[in-house]
Number of protein chains: 2
Amino acid sequence: MHTVKEAAQITGLTEHAIRFYTDKGLVPTVRRSEHNVRLFDEQSINWLFGVRCLKQSGMPIEAIKTYIDLCLQGDPTVPERSAMMKKHGEEARRQLEEAKRHVAHLEEKMLLYEEILAGKTPDTTNPATWERMRYMHGDVFYASTVLQEK
Amino acid sequence: MHTVKEAAQITGLTEHAIRFYTDKGLVPTVRRSEHNVRLFDEQSINWLFGVRCLKQSGMPIEAIKTYIDLCLQGDPTVPERSAMMKKHGEEARRQLEEAKRHVAHLEEKMLLYEEILAGKTPDTTNPATWERMRYMHGDVFYASTVLQEK
DNA sequence: GCTTGCCTTCGTGTAACACGAAGGCTTTAA
DNA sequence: TTAAAGCCTTCGTGTTACACGAAGGCAAGC
């Protein structure tokens, strides 16, 4: 049995957030001690992980609440729950693809900066490089004397 | 030259967001027509893409503003800018890893639901499966008669 | 008996917009 | 020529998912 503090350490959520979630009914298995202290067993911890996953992958709290309420109703709601997870899974995959693109973009930018710091002048004779710099990393060279005009 | 509406279509941002960004100075190359209409050239569109990338990968607007102001100051700020992108790149990679885990988690959940809908009972004699269900997908089977006790 | 840790409610603040209203200027089409 | 469409502004309110602090209370350990 874990307290809020421990649950926070385990899940990486804040105590505030955990109280917030339990109060909203997102952790149906949480219990209280005789002195009103929230007690999380392993199952509750796992609900927390589930909520964290859904939330961090972009599902609004209200939708998470809806999903959890469906879970509590048992088998008859399986089709609906399945549909929800399928839909949200697609959304999460879209976000993952975006995230990959963002990381790639940032990595290119970092490489350019590293080269400049290393004293290298980017190879502007390579049209591909030139295009990339001009169109994707104009910020790196904005107001720059490293890359002379033309 | 593009209007706000066109810029919105090109970048996938809303007109509201674009006005918000330009007003905050996040698109330094944007100009106004003689009648005060925002005009975006290709470079401005690319600033927008850059801002979008930074924002969507979790950088707060204020930090983006700081970065852009450094860009405007030219070469002397290259080390600082480089450091910022390096740090934020790491953050973005962390988020990417998390996103991967979330997608994997959701995919497992979806598979379980699909199997239930297909009439399959999960193989609880396999301890690994059992553990996964019990500890990672308790929600799927909460209040379920599909998976009998024990 | 004091500190520590948990609880509660209250109230305010935050980010990054969303949305609508009101009012004003232009350009274009009927 | 007048009406509609598209851009602009400022104003004001609403939203989400908490963060943070304060005040007050109960319970356990030293």
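Chain identifiers are assigned alphabetically (A, B, ...) following the order of the sequence lines, protein sequences preceding nucleic acid strands; residue numbering begins at 1 within each chain.
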Query - Check: B:Phe40 ring centre within less than 6.0 Å of B:Trp47 ring centre - result: no
From CG of A:Leu54 across to C1' of D:dT16 the rounded distance in Å is 17 Å
Is B:Thr14 close enough to C:dA18 that one of its side-chain N or O atoms is under 4.0 Å from OP1 or OP2 there? yes
When A:His35 and A:His16 are each assigned the nearest nucleotide of DNA chain D, the 5'-most assignment goes to A:His16
Of D:dC7, D:dC18, C:dT8, the nucleotide closest to the side chain of A:Lys55 is D:dC18
Inset, instruction - Please determine if a side-chain N or O atom of B:Tyr21 lies less than 4.0 Å away from the OP1 or OP2 oxygen of C:dA16. - result: no
Quick note, B:Ile61 side chain, CB onward, closest among D:dC18, C:dC6, C:dA16 is C:dA16
Donor on one side chain, acceptor on other, B:Thr3 and B:Arg38, under 3.5 Å:
no
B:Asp23 atom CG is separated from C:dC17 atom P, nearest whole Å, by 12 Å
From CD1 of A:Ile18 across to P of C:dT8 the rounded distance in Å is 13 Å
Checking C:dC7, D:dC8, C:dC6 against the side chain of B:Arg19 (C-beta onward), the nearest is D:dC8
Query - Any side-chain donor near an acceptor of the partner, B:His2 and B:Glu42, under 3.5 Å - result: yes
Quick note, A:Thr3 side chain, CB onward, closest among D:dC18, D:dC8, C:dC6 is C:dC6
| said: Please tell me if B:Arg32 has a side-chain N or O lying less than 4.0 Å from either OP1 or OP2 of D:dT9. | reply: yes
A:Gln9 CD to C:dG5 P, in whole Å, measures 12 Å
Quick note, B:Arg38 side chain, CB onward, closest among D:dC8, C:dC17, D:dA28 is D:dC8
B:Met59 atom CE is separated from C:dA15 atom P, nearest whole Å, by 16 Å
Below 4.0 Å: OP1/OP2 of D:dC7 and any side-chain N or O of B:Ser33
no
Rounded to whole Å, the CD-P distance (A:Glu15 to C:dT4) equals 16 Å
| task | Please check if any side-chain donor atom of A:Tyr113 sits under 3.5 Å from a side-chain acceptor atom of B:Arg81, or the reverse. | result | yes
Any donor-acceptor N or O pair under 3.5 Å, side chains A:Thr66, A:Asp69: no
From CE of A:Met1 across to P of C:dC6 the rounded distance in Å is 16 Å
Rounded to whole Å, the CZ-C1' distance (B:Arg52 to C:dA16) equals 16 Å
